[in-house]
S.K.: 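To start, I am sharing the structure in question, which I have written as structure tokens.
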2 protein chains.
Amino acid sequence: MDRRQKKTREAIFKAFTELLAEKNYNQIAVQEIIDAADIGRTTFYAHFETKDYLLKALCEKLFGHIIDTAMGSPHGHYHYSCKYSADSVFLHLLKHLQESDRNILELLSSQNNEIFLRYFKSNLKKLIITQYADKGLLNKSSLPEDFLINHIASSFVETVYWWLSRKMKETPEEITEYFLGTIEPILN
Amino acid sequence: MDRRQKKTREAIFKAFTELLAEKNYNQIAVQEIIDAADIGRTTFYAHFETKDYLLKALCEKLFGHIIDTAMGSPHGHYHYSCKYSADSVFLHLLKHLQESDRNILELLSSQNNEIFLRYFKSNLKKLIITQYADKGLLNKSSLPEDFLINHIASSFVETVYWWLSRKMKETPEEITEYFLGTIEPILN
DNA sequence: AAGAATACAGAACACTTTGTTTTGTATAAA
DNA sequence: TTTATACAAAACAAAGTGTTCTGTATTCTT
């Protein structure tokens, strides 16, 4: 990829991220992004067809890595002990969130949080299907598997939201305990 | 209130609701609402300062009644037997949703569902505080009360969303069973 | 290092949407 | 009937959108 492209792409992401942290997505004009990124009008449209595509690209950039690492190597990345169960995936995710650059946390805490939480949830569902459903862990309950997948993904995302909106006072371990406290009784 | 005001106000709500059912909120121009409602440009702005205020007014109109009736007379409205516990509030809500004019269901199922589900959730929290927290029903758990309120409200809203997105195949009783199946184990 | 390729800036363009103002008319309330 | 006011219609500046053009600067290639 051309160095010039990387540079302007990064400038656009940076400007967009900063704007998202301070104001509503709907109220951000393409013109503002252009001004903040200090690029030409033509250049923006050469990179992103619309503002929505830019948003999508940002989501993929932010969440892609976190979800991928959780999918690929869910265990063994951390040194503390954790049982080799699907449950630890959630602790893994929380730790990654806490350690991630502050962009993702800032956006998840901003007034645009719903946009990113939605994207987070849709990716999380795929993860749960891999880690739970495909391993037959959701068959024990009397509730429909489809319902359970949605419930688990929603609960986790909402837990993360609750954690963030209260300035992450608790440790990832505590939050995992809270979260598992709400879903483990259902699965047994 | 002036008959003319009522009439145009209703025309605006009708046009807005129909537009919301078919396209994204962000992509609806005030001009479209004006055209669909067949009113003058000045008239719209005389009634609603912005599109956002119109949305807020619509939310209050749609959810205000449902939540109020659930708060005021949570039991005794239906003839079938139901235990006089706080749990029946959820069945009450689902039945009201099912019976409500198709506007609210159409909007909750539209691509704008998040806007309305968010509003629904915030109102639901107040209801849960009244029906659960203030009655001391959330003290038995080892989880923080604040966390539980958010969890219960989120879970119910997500359950409703799951129900709607699958065309309401199940009865309100079945959905209540599913939902209570996820939260009752936590409270005992 | 030289050439070809291309990413970019800057300006101009037609177009849409926004929110306000003005003037006159029709409808409601007193 | 009289008074009040909700409304329509038109015009307005301002801002934003997405595209097209031309020339310049940077980069990749060989």
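Sequence lines set the chain letters: A, B, ... in the order given, protein chains first and strands last, and positions in each chain run from 1.
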S.K.: Tell me: CE of B:M1 to P of D:dA6, nearest whole Å?
M.R.: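 My rounded result for the distance is 9 Å.
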S.K.: Is the distance between the ring centroids of B:Y53 and B:F48 under 6.0 Å?
M.R.: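 No - the distance between ring centres of B:F48 and B:Y53 does not fall below the 6.0 Å cut-off.
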S.K.: Just say parallel, tilted or perpendicular for the rings of A:H151 and B:H151, cut-offs at 30° and 60°.
M.R.: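 Plane angle over 60°, so perpendicular.
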S.K.: Does B:E158 come within less than 4.0 Å of B:K121, counting only side-chain N to carboxylate O?
M.R.: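 No, B:E158 and B:K121 are not salt-bridged.
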S.K.: Is there a residue in residues 43-52 of chain A whose heavy atoms reach under 4.0 Å of DNA chain C, and which residues are they?
M.R.: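 Within residues 43-52 of chain A, the residues near DNA chain C are A:T43, A:H47.
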S.K.: Just checking B:K61: does its NZ atom have more than 12 heavy atoms from other residues, nucleotides or ligands closer to it than 6.0 angstrom?
M.R.: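 More than 12 within 6.0 Å, yes.
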S.K.: Any N or O donor-acceptor pair under 3.5 Å from the base of C:dG10 to the side chain of A:R41?
M.R.: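 Per atom types, no contact qualifies.
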S.K.: Is it the case that D:dT26 (base atoms only) and A:R4 (side chain only) share a donor and an acceptor within less than 3.5 Å, ignoring hydrogens and angles?
M.R.: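 When only heavy-atom distances are counted, A:R4 does reach the base of D:dT26 through a donor-acceptor pair under 3.5 Å.
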S.K.: So, A:K7 and A:D2, do they make that salt bridge, N to O below 4.0 Å?
M.R.: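 Here A:K7 does not pair with A:D2 in a salt bridge, since their nearest N and O are not under 4.0 Å apart.
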S.K.: Between B:Y178 and A:F147, is the ring centre distance below 6.0 Å?
M.R.: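 So the answer is yes for these two rings.
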S.K.: Decide if atom CD of B:E174 counts as having more than 12 heavy atoms of other residues, nucleotides or ligands within a radius under 6.0 Å.
M.R.: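 Yes, because the 6.0 Å sphere around CD of B:E174 holds more than 12 heavy atoms from other groups.
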S.K.: May I have the distance from A:D2 (atom CG) to D:dA25 (atom P), rounded to whole angstrom?
M.R.: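 Distance, rounded to whole Å: 17 Å.
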S.K.: Can you check whether A:T42 has a side-chain N or O nearer than 4.0 Å to OP1 or OP2 of C:dA7?
M.R.: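 Checking C:dA7 against A:T42, no side-chain N or O comes under 4.0 Å of OP1 or OP2.
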S.K.: Please list residues of residues 13-39 of chain B whose heavy atoms come under 4.0 Å from any atom in DNA chain C, ordered by number; otherwise none.
M.R.: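 The answer is B:A29, B:V30, B:Q31.
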S.K.: Between A:K95 and A:E99, is the closest basic N to carboxylate O distance under 4.0 Å?
M.R.: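 Result for this pair is no, no salt bridge flagged.
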S.K.: Want to know the stems of DNA chain D: at least 3 consecutive Watson-Crick or G-U pairs with distances under 3.5 Å, which are they?
M.R.: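 If one scans DNA chain D for consecutive Watson-Crick or G-U pairs, the stems found are C:1-12 with D:19-30, C:14-18 with D:13-17, C:20-30 with D:1-11.
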S.K.: OP1, OP2 of D:dC28 versus side-chain N and O of A:R3: anything below 4.0 Å?
M.R.: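 Indeed, a polar side-chain atom of A:R3 lies that close.
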